[in-house]
Amino acid sequence: MSGQMHPAAPHHLPFFVPGPDGTDPLMVIMAIFLIIVILWVGTLYWKLHSLPERMAHKSQKLQFEIVAVLGLISLFTHMHIFWVAGLLLAMIDLPDFSTPLRTIAGSVERIADAAPGAPPSPSQAEAPDQPQATSAKGGEIQGHA
């Protein structure tokens, strides 16, 4: 075969036309572009998918674990209602019921330790002795428990 061009062929071919050696520069460029776009879209998907979890973590919500579990469930089941529920849960503040209940439980525990007829707790044993209050009839005043 001769290395001469056909007389009807143009003298300058565009870059996207493959050469005689078989390399296709446009295909290589598009393959690299496609890989980059797929990685970028995947990263965007993961960032969007973890949005409720990041919102709950940033604002130190009590329901952070629930939001994270809802995000994982929506990821594995492809049911978007779990993602929406996690997003709504991350956006609202749930009232803190545990702190007042813990305080009430501690107070009730202290009251139960101070019941009449029970041995004094170590903190009561160290307290200085105070005279007992008496009623008008001379007996001790009984508290109610």
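Reckoned from all heavy atoms, side chains included, excluding hydrogens, waters and symmetry mates. The structure presented is a predicted model; accordingly, all values stated were derived computationally and were not measured.
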Decide yes or no for Met55 and Val67: does some side-chain heavy atom of the first lie under 4.5 Å from some side-chain heavy atom of the second?
no
Going only through I, L, V, M, F, W and Y residues with side-chain contacts under 4.5 Å, is there a path from [X] to [Y]?
{"X": "Val69", "Y": "Ile81", "result": "yes"}
{"X": "Phe33", "Y": "Val41", "result": "yes"}
{"X": "Leu88", "Y": "Trp83", "result": "yes"}
{"X": "Ile36", "Y": "Leu44", "result": "no"}
{"X": "Ile92", "Y": "Val84", "result": "no"}

Quick one: list whatever passes side chain to side chain contact (heavy atoms under 4.5 Å, CB included) with [X], sequence neighbours left out.
{"X": "Val28", "value": "Ile32"}
{"X": "Ser98", "value": "Asp96, Arg102"}
{"X": "Met27", "value": "Asp24"}
{"X": "Lys47", "value": "Thr43, Arg54"}

Salt bridge (charged side-chain N to carboxylate O under 4.0 Å, His left out) pairs, two or more places apart, involving residues 65-93
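Of all non-adjacent pairs touching residues 65-93, those that pass salt bridge (charged side-chain N to carboxylate O under 4.0 Å, His left out) are Lys61-Asp93.
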Could you check whether any side-chain N or O of Gln63 sits under 3.5 Å from a backbone N or O of Leu89, counting only pairs where one atom can act as donor and the other as acceptor?
yes
Parallel, tilted or perpendicular, as decided by the 30° and 60° cut-offs, for the rings of Trp46 and His49
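Judged by the thresholds at 30° and 60°, the geometry between His49 and Trp46 is perpendicular.
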With sequence neighbours left out, which residue pairs that include part of residues 63-82 fulfil the ring-ring contact (aromatic ring centres under 6.0 Å, His included) condition?
His57-Phe64
